[in-house]
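Side-chain atoms are counted along with the backbone in the values below, which use heavy atoms only and exclude waters and symmetry mates.
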Amino acid sequence: MNTNNMITGSEILIRSLMAEGTDTIFGYPGGAVIPIFDKLYDYTEQIQHILVRHEQGAAHAAEGYARVSGKTGVVLVTSGPGATNIVTGVADAMIDSTPIVVITGQIASSLIGTDAFQEVDIVGITQPITKWSCQIRRPQDIAKAVAKAFYIASTGRPGPVVLDITKDAQMGKAEFHYEQCKFIRSYNPIPTPDESSLSEAVKLIDNAKKPLLLIGQGVTISHAEDMLSQFIEKADIPAAWTLLGASALPTGHRLNKGMLGMHGNVGPNMKTNECDLLIAVGMRFDDRVTGDLKTYAKQAKVIHIDIDPSEIHKNVKADVAIITDARLALTELFSRIKENNHTDWIDSFNIHEQEEFNRVIRDEIHPLDGELNMGEVVNFISEATNHSAVLVTDVGQNQMISSRYFKYKQGRSIVTSGGLGTMGFGLPAAIGAKLGAPERTVCLFTGDGGIQMNIQELGTIMQYGIAPKIIILNNEYLGMVRQWQELFFDKRYSHTPMFNPDYAKIAEAYSIDSRVVSHRSDLEDAVKEMLKYPEKPFILQVNVKQQGMVYPMVAAGTTITNILMGD
């Protein structure tokens, strides 16, 4: 061993992260990671550290960064409460297949098990909600663990990895040698598609009279957007998307028929139970998409394309399962299917689109009078940004209404908490999204409830001059719960009315420009002001109708075609 080449575990960690292309870390220092932060001081030109105001914010910011950039987000926090504060973000990343590597500090290995100050078994806590969770107790093990972590987090079905590094491993010395991980025994990130399954799928696609394709996030993860377009155009198949699959297909594409599920568009929900072939690409048949499984697409043959074998037959039984990367599957199928024409089937969506426009959309986005609607605000801002912005949402009515009325021209344009539904996700995720795509406008739509859950991250925006455009749809309620209370609990609004602070004063305290809009006549001018300076953050509070609803709606657990229109 050449002692001249020995460096500390902390420096090994930093150099290993750089070898993986890390340029941004979201974190918060503490006693158990001081050696790492001390060494980070020497690498400020190579790695940007973003000091968040709460560790949960670091995890969500890393998610936002990963979603828009396609890279792996990195988090660095201390032990004990610092580590436990990232658990919600880790769980969120797991269910939404977002690649992040979370590095937690840990007490010295000699003290583990003694209930020492700020000791917690973060590996045990996070094992059920990560792809891999590992504790490192020796400096010579750090580089290999980092390489393995990035490989696991970013390949196959992506997800979070937690590396827990003891303080003595950070301070001890070892030789530095880094080699990227490209293989782990028993881990097969991209299974080879079964030839017979591909052949059977081609037969079903070529012979279908009423096919419908469902776009999941797997299309985006696998960079299959272009291949998806080519595939559906060749086969002439209408397509609809899950919440996380939004933006994989441009909104204006002639075969894009809208969103699936509880607050999705009428056409694709109705046609799900009329089609003769359902092609699911990179999606998991979540209950908010399927409704009652007993009545879901029973008339249709099902082709399920997914990289994760555990998703196959889990909720919906597939007639043909293609277990591989979405891009690879679509490429193989595209080369084998015949050109087709389903004009009559595609045109049959028109009656549902017209009905939805007449009964819901027209009055939502073009009201003649009355209070401002959530949908018209979203639609106006989408148009003002030429449908080219990144949409970030919090969770609740703001999430559903913005996903319905925001439009997309390019991929990787939505960042939202899908599977876990994490209120407080939006603000830190918008920070990460803006850092991951600094050249793009990032519009965060949030409610007056969700914004307060991580409102401290306005301090992060202030410190680093990060410039998301923050739109607070303020209805002075926990809106989605209120909607359910109104529809299903006899309007018993138990603990959903919100008494809110003055957001304009809060914005001023953080040196962020803001406007408050309560009247339709002021909206255009306020949006122009918000978008005038792309390099500056802005908070636009829009006081919307208190009793505003998100329609259409399929009640939880009911048939997907049992659609409430609100009239």
Side-chain angles (χ1 to χ4, degrees), residues 240-241 243 246 251-252 256-271 288 349-385 387 391 393-394 396-408 443 445-448 471-488 491 493 496 516-527 540-555 558 560-567:
W241 35 272
L243 178 63
T251 306
N256 189 335
K257 297 303 176 182
M259 185 167 71
L260 296 158
M262 179 174 282
H263 291 287
N265 294 105
V266 173
N269 281 341
M270 294 296 292
K271 295 304 181 182
R288 293 297 171 96
F349 282 76
N350 294 345
I351 188 171
H352 300 298
E353 291 171 359
Q354 190 62 51
E355 179 190 24
E356 184 176 349
F357 180 81
N358 291 340
R359 297 178 62 182
V360 177
I361 297 174
R362 179 176 54 202
D363 290 341
E364 179 66 34
I365 67 173
H366 297 302
L368 297 177
D369 53 27
E371 299 171 276
L372 280 159
N373 291 332
M374 294 179 287
E376 71 174 301
V377 177
V378 174
N379 182 69
F380 189 89
I381 292 173
S382 182
E383 291 184 350
T385 56
H387 311 309
L391 168 66
T393 85
D394 208 86
Q397 285 185 316
N398 65 87
Q399 177 185 38
M400 293 295 100
I401 207 79
S402 59
S403 63
R404 280 183 53 81
Y405 294 110
F406 212 78
K407 296 179 176 64
Y408 315 96
C443 292
F445 287 88
T446 181
D448 45 307
I471 302 97
I472 302 173
L473 300 176
N474 185 3
N475 58 13
E476 297 186 329
Y477 272 98
L478 295 175
M480 187 58 79
V481 181
R482 184 205 58 76
Q483 178 164 333
W484 283 47
Q485 288 171 335
E486 179 165 331
L487 293 175
F488 311 119
K491 299 184 179 180
Y493 302 130
T496 48
V516 179
V517 172
S518 299
H519 302 287
R520 188 165 290 110
S521 58
D522 297 327
L523 182 62
E524 181 177 1
D525 184 64
V527 171
L540 176 61
Q541 176 186 326
V542 185
N543 296 324
V544 295
K545 185 187 301 181
Q546 285 193 333
Q547 305 293 322
M549 305 285 274
V550 185
Y551 287 117
M553 180 180 183
V554 178
T558 64
I560 198 66
T561 55
N562 183 21
I563 301 172
L564 305 176
M565 299 284 229
D567 51 13

Chemist: Is there side-chain contact between M480 and H263, with at least one heavy-atom pair below 4.5 Å?
Modeler: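 Side-chain contact under 4.5 Å: yes.
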Chemist: Quick one: side chain to side chain donor-acceptor pair (under 3.5 Å) partners of T385, sequence neighbours excluded?
Modeler: none
Chemist: Could you pull out all donor-acceptor pairs under 3.5 Å where a side-chain atom in residues 542-552 meets a protein atom, sequence neighbours excluded?
Modeler:
residue	atom	partner	partner atom	Å
N543	OD1	N474	ND2	3.4
N543	OD1	Q541	NE2	2.8
N543	ND2	S518	OG	2.8
K545	NZ	N373	OD1	3.2
Q546	NE2	E476	OE1	2.7
Q547	OE1	R482	NH1	3.3

Chemist: Could you list the residues that satisfy salt bridge (charged side-chain N to carboxylate O under 4.0 Å, His left out) with E356, not counting sequence neighbours?
Modeler: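 Residues passing salt bridge (charged side-chain N to carboxylate O under 4.0 Å, His left out) with E356: R404.
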Chemist: Using ring-ring contact (aromatic ring centres under 6.0 Å, His included) as the criterion, list what pairs up with Y405, not counting sequence neighbours.
Modeler: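 ring-ring contact (aromatic ring centres under 6.0 Å, His included) list for Y405, sorted by chain: empty.
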Chemist: Compare every heavy atom of A384 with every heavy atom of V527, then report the nearest pair and how far apart it is.
Modeler: CG1-CB, 3.8 Å
Chemist: Side chains of F406 and T393, heavy atoms from C-beta outward: is any pair under 4.5 Å?
Modeler: no
Chemist: What pairs with K271 under side chain to side chain donor-acceptor pair (under 3.5 Å), at least two apart in sequence or on another chain?
Modeler: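 So K271 forms a side chain to side chain donor-acceptor pair (under 3.5 Å) with E274, S348.
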Chemist: Which atom names give the shortest non-hydrogen contact between S403 and L243, and what distance separates them?
Modeler: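 Taking every non-hydrogen atom into account, CB-CD1, 3.5 Å.
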Chemist: Whether the side chain of T251 engages the backbone of Y408 through a donor-acceptor N/O pair (distance < 3.5 Å, no angle test) should be reported.
Modeler: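 Between the backbone of Y408 and the side chain of T251 there is a qualifying donor-acceptor contact (under 3.5 Å).
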Chemist: Please identify each residue that fulfils side chain to side chain donor-acceptor pair (under 3.5 Å) with D363, with sequence neighbours left out.
Modeler: none
Chemist: Show me the donor-acceptor pairs, under 3.5 Å and distance only, between side chains in residues 560-567 and residues at least two apart or in other chains.
Modeler:
residue	atom	partner	partner atom	Å
D567	OD1	R359	NE	3.4
D567	OD1	R359	NH2	2.7
D567	OD2	R359	NE	3.2

Chemist: Answer yes when E383 and K407 have at least one side-chain N-carboxylate O distance shorter than 4.0 Å, and no when they do not.
Modeler: no
Chemist: Are the side chains of H352 and N265 in touch, meaning some heavy atoms are under 4.5 Å apart?
Modeler: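 Side-chain contact under 4.5 Å: no.
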Chemist: What distance separates I361 CD1 from E353 CD, expressed to the nearest 0.5 Å?
Modeler: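 So the CD1 of I361 and the CD of E353 are separated by 8.5 Å.
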Chemist: At their closest point, which heavy atom of I365 faces which heavy atom of G375, and how far apart are they?
Modeler: CG2-O, 3.8 Å
Chemist: Any non-hydrogen side-chain atom of T496 less than 4.5 Å from a side-chain atom of Q485?
Modeler: yes
Chemist: Return the set of residues passing ring-ring contact (aromatic ring centres under 6.0 Å, His included) with F349 (not counting sequence neighbours), or none when no residue passes.
Modeler: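 Residues passing ring-ring contact (aromatic ring centres under 6.0 Å, His included) with F349: W345.
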Chemist: Of all residues at least two apart in sequence or in a different chain, which pass the side chain to side chain donor-acceptor pair (under 3.5 Å) check with H387?
Modeler: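 Result, side chain to side chain donor-acceptor pair (under 3.5 Å) vs H387: S382.
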Chemist: Taking atom types as modelled and ignoring hydrogens, do the side chains of N358 and Q354 form a donor-acceptor contact shorter than 3.5 angstrom?
Modeler: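 Yes, a side-chain donor-acceptor pair sits under 3.5 Å.
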Chemist: Under the salt bridge (Lys or Arg N to Asp or Glu O under 4.0 Å) definition, can you give me all pairs with a residue in residues 516-525, not counting sequence neighbours?
Modeler: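 Those involving residues 516-525 are E376-R520, R515-D525, E524-K528.
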Chemist: Could you tell me which residues satisfy ring-ring contact (aromatic ring centres under 6.0 Å, His included) with F357, sequence neighbours excluded, listed by chain and number?
Modeler: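 If we apply the ring-ring contact (aromatic ring centres under 6.0 Å, His included) test to F357, skipping adjacent residues, there are no hits.
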